[in-house]
Amino acid sequence: MDGVTVSNTTDLTQTLAAQACAITYESLPGSVRELARQCVLDYFGVGIAGADDALVHILLEDTAEAGGHPQASLIGHRTRLPALSAALVNGAAAHALDYDDVNLAMPGHPSVAILPGLIALGERRRSSGREVIAAFVAGYETACRIGMAMRPGHYDRGFHATGTVGAFGAAAACARLMGLDQEATARALGIAGTQAAGLKSQFGTMCKPFHAGKAAQNGLLAARLAARGFSSRPDLVECEQGFALTHAPTFAAEKALAPPPNGFYLHANLFKYHAACYLTHGPIECARQLRAEHGFAADQIAGLTLSLDKSCDWVCNIPAPTDGLEAKFSLRQNVAMALSGVDTASLETYSVATATDPALVRLRERVTLDFQDNWPQAAAELAVTLNDGLVLRTRHDAGIPNPDIANQGTRLAAKFAALVEPVLGAPRARELRETIQGLDDIAEIGTLARLAAG
């Protein structure tokens with residue numbers, strides 16, 4: 001434990017396993033069920049939109065060569081694959097556009113790590129929608145609790161929590177769907193933890209969405225092996241040389257066990273309405289607000305200062321992006337785009353043409369970044385200095401969830417339509433959305449999985 005600050009580690013893995021086993025559909029409040037449905041809707045929306053990405057085709061070529069039993073559906077493709085392969089491909093596809101949901105407790109992308117393996121497993125087991133909802137919540141809460149115990153050091157050290165912490169969430173969800181007891185679920189968490197990986201240095205490459213697919217695949221495999229009696233330490237999260245003590249400079253087990261705000265971490269889920277890294281969303285909203293309120297043109301701007309938490313420097317600070325993927329992780333680029341009226345919700349916006357547009361390049365070069373210690377991770381403050389010396393300021397915290405769940409559902413339905421209708425057509429998109437909205441009444445989750453195929 002040298003160099004690691006530790007507190008209160010007793011039986012954490014076992015407690016998390018017990019909590020996951022205890023979650024039932026009937027015990028969930030209506031708001032949590034609705035949020036779970038919203039997560040499923042958003043997952044399928046971004047997955048269908050990302051299904052034609054080049055990285056997905058590479059994975060499909062490789063898995064096709066490997067062969068195997070056609071056990072599970074692929075989002076946006078007629079091909080069926082073994083469940084583990086489907087979890088990998090679907091997870092990568094759903095994270096390919098970096099347009100999927102976020103929870104800052106992890107901190108990372110929970111749904112794309114949990115749902116691909118869970119739905120592939122559910123399709124094989126002919127699980128109901130209610131069973132999937134309960135298992136998803138079990139996995140979601142587990143991932144956020146482990147993330148809380150290790151934040152911010154785990155993420156700041158360079159680990160992509162979607163790939164690492166997300167694997168624990170996937171394992172807990174799949175274990176819950178399989179009805180594993182506490183002891184087997186704890187072993188599943190251990191098996192997931194020994195596979196967990198993902199490095200932030202890969203942001204801006206195909207490996208970032210690959211992390212999400214691997215988390216889903218690793219979690220599913222962990223639960224399946226645990227069900228067969230595969231051995232693992234039952235305290236892998238907290239033990240000496242275990243996951244936490246090797247992956248974070250600080251580890252506070254009591255934070256994992258503390259009650260989350262409003263009873264569930266799912267209440268703090270954050271959905272994306274800009275097709276870029278979530279930590280660019282605060283800056284984008286600042287830029288949009290100033291442009292809307294003051295109506296200045298880009299050539300009237302003498303300089304800009306963007307203030308935000310220093311952790312953003314290690315996540316989304318590619319200074320001179322050259323393609324659409326890199327642009328998603330560029331604070332300067334996204335501020336320049338938003339100030340110029342470019343639609344950051346559009347997938348087509350993030351392209352080589354936009355990243356290298358001379359006017360946007362000139363504007364982003366005027367952005368000075370002012371990194372602060374201990375700010376809210378998703379908060380930003382933007383000061384725009386005009387040519388006449390006038391300074392305009394605003395602040396936005398993208399880490400505050402929408403308290404109006406119904407309003408959020410309306411926005412997500414519009415986002416879903418914009419992503420899915422160009423791929424599946426309006427009638428099929430509407431059928432898929434209505435099926436997800438009725439998830440609680442689906443007798444077999446395979447009905448939904450097959451409907452989302454291409």
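This is a predicted model, so every value here is computed, not measured. Quick note: numbers below take in every heavy atom, side chains included, and nothing from hydrogens, waters or symmetry partners.
- For Arg288, the salt bridge (Lys or Arg N to Asp or Glu O under 4.0 Å) partners at least two apart in sequence or on another chain are Glu285.
- The distance from the CG atom of Asp309 to the CG atom of Asp373 is 7.5 Å, given to the nearest 0.5 Å.
- Listed for the Thr356 side chain is a donor-acceptor partner under 3.5 Å among the backbone atoms of Val352.
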For this session: Verify side-chain contact (heavy atoms from CB on, under 4.5 Å) between Ile58 and Met206, making sure each step is shown before the conclusion.
Result: CA-CA 10 Å; Ile58 293 172; Met206 291 181 179; 4.0 Å; yes

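- Within the structure, every pair that satisfies the ring-ring contact (aromatic ring centres under 6.0 Å, His included) test and touches residues 312-331, not counting sequence neighbours, is listed here: Phe203-Phe329.
- No cation-pi contact links Arg145 to Tyr265, judged by a cut-off of 6.0 Å to the six-membered ring centre and 45° from its axis.
- Note on residues 104-117: pairs passing side-chain hydrogen bond (donor to acceptor under 3.5 Å, both in side chains), not counting sequence neighbours, are Asp100-His109, Asp101-Ser111.
- Shown here for Ala172 and Gly139, the closest heavy-atom pair between the two residues is CB-CA, 4.0 Å.
- The backbone N or O of Tyr155 lies less than 3.5 Å from a partner atom in the side chain of Lys200, making a donor-acceptor pair.
- Judged by a 6.0 Å distance limit and a 45° cone about the ring axis, Lys272 is not positioned over the six-membered ring of Tyr278.
- Using a distance-only test at 3.5 Å, with no hydrogens or angles considered, no donor-acceptor pair links the side chain of Ser340 to the main chain of Val342.
- No side-chain donor-acceptor contact under 3.5 Å links Arg332 to the backbone of Ile318.
- The distance from the OG atom of Ser201 to the CZ atom of Phe159 is 10.0 Å, given to the nearest 0.5 Å.
- Side-chain contact, His77 with Asp52: no donor N or O sits under 3.5 Å from an acceptor N or O.
- Note: Leu382 CG to Leu308 CG = 10.5 Å, rounded to the nearest 0.5 Å.
- Comment: Arg37 engages Asp440 in a salt bridge, judged by a side-chain N to carboxylate O separation of less than 4.0 angstrom.
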Report, one line per pair, each donor and acceptor closer than 3.5 Å where one atom sits in a side chain of residues 403-413; sequence neighbours left out.
unit_1	atom_1	unit_2	atom_2	d
Asp404	OD1	Ala406	N	3.3
Asp404	OD1	Asn407	N	3.0
Asn407	OD1	Asn402	ND2	3.0
Gln408	NE2	Gln38	OE1	2.7
Thr410	OG1	Ala406	O	3.3

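- For the pair Val420/Phe44, no side-chain contact is recorded, criterion being any heavy-atom separation below 4.5 Å from C-beta on.
- A donor-acceptor pair under 3.5 Å is formed between the side chain of Arg33 and the backbone N or O of Tyr25.
- Among all heavy-atom pairs drawn from Cys144 and Asn103, the shortest one is SG-CG, 3.7 Å.
- The only member of Gln202, His211, His154 that meets side chain to side chain donor-acceptor pair (under 3.5 Å) when paired with His160 is His211.
- Taken to the nearest 0.5 Å, the CG atom of Leu432 stands 11.5 Å off from the CD atom of Glu421.
- Summarising the geometry, atom CZ belonging to Phe296 is positioned 8.0 Å from atom CZ belonging to Arg291; distances are rounded to the nearest 0.5 Å.
- Checked by atom type and distance alone, the side chain of Gln333 pairs as donor or acceptor with a backbone atom of Thr354 at under 3.5 Å.
- Glu131 is linked by a salt bridge (Lys or Arg N to Asp or Glu O under 4.0 Å) to nothing, counting only residues two or more places apart in sequence or in another chain.
- Between Gln372 and Asp370, the closest side-chain pair of non-hydrogen atoms falls below 4.5 Å.
- With hydrogens and angles ignored, the 3.5 Å screen pairs a side-chain donor or acceptor of Thr349 with a backbone N or O of Asp343.
- A donor-acceptor pair under 3.5 Å is absent between the side-chain atoms of Arg433 and the main chain of Ala417, judged by distance alone.
- The nearest pair of heavy atoms linking Ala175 to Thr185 is CB-OG1, 3.8 Å.
- Between Ile445 and Glu123, the closest heavy-atom pair is CG2-N, 3.5 Å.
- Between Leu35 and Tyr140 there is no side-chain heavy-atom pair separated by less than 4.5 Å.
- At least one side-chain heavy atom of Arg176 sits under 4.5 Å from a side-chain heavy atom of Thr24.
- Remark: the backbone N or O of Phe264 is not paired with any side-chain donor or acceptor of Asn262 at under 3.5 angstrom.
- Checked by atom type, the side-chain pair Glu238/Thr13 shows a donor-acceptor distance below 3.5 Å.
- Side-chain atoms of Asn90 come within 3.5 Å of backbone N or O of Ile75 as a donor-acceptor pair.
- Taking the salt bridge (Lys or Arg N to Asp or Glu O under 4.0 Å) definition, one finds that Lys208 meets it with Asp98, sequence neighbours left out.
- Ring pair His247/Phe243 is parallel by interplanar angle, where below 30° counts as parallel and above 60° as perpendicular.
- Checked by atom type, the side-chain pair Asn334/Arg364 shows no donor-acceptor distance below 3.5 Å.
- In plain terms, the two heavy atoms of Ser330 and Pro319 that are nearest each other are OG-O, 4.4 Å.
- Atom CZ of Arg393 is separated from atom SG of Cys286 by 11.5 Å, given to the nearest 0.5 angstrom.
- Residues Thr142 and Leu189 form a side-chain contact, since some pair of their non-hydrogen atoms from C-beta on lies under 4.5 Å apart.
- Scanning both residues, Ala92 and Leu59, for their nearest heavy atoms gives CB-CD1, 3.6 Å.
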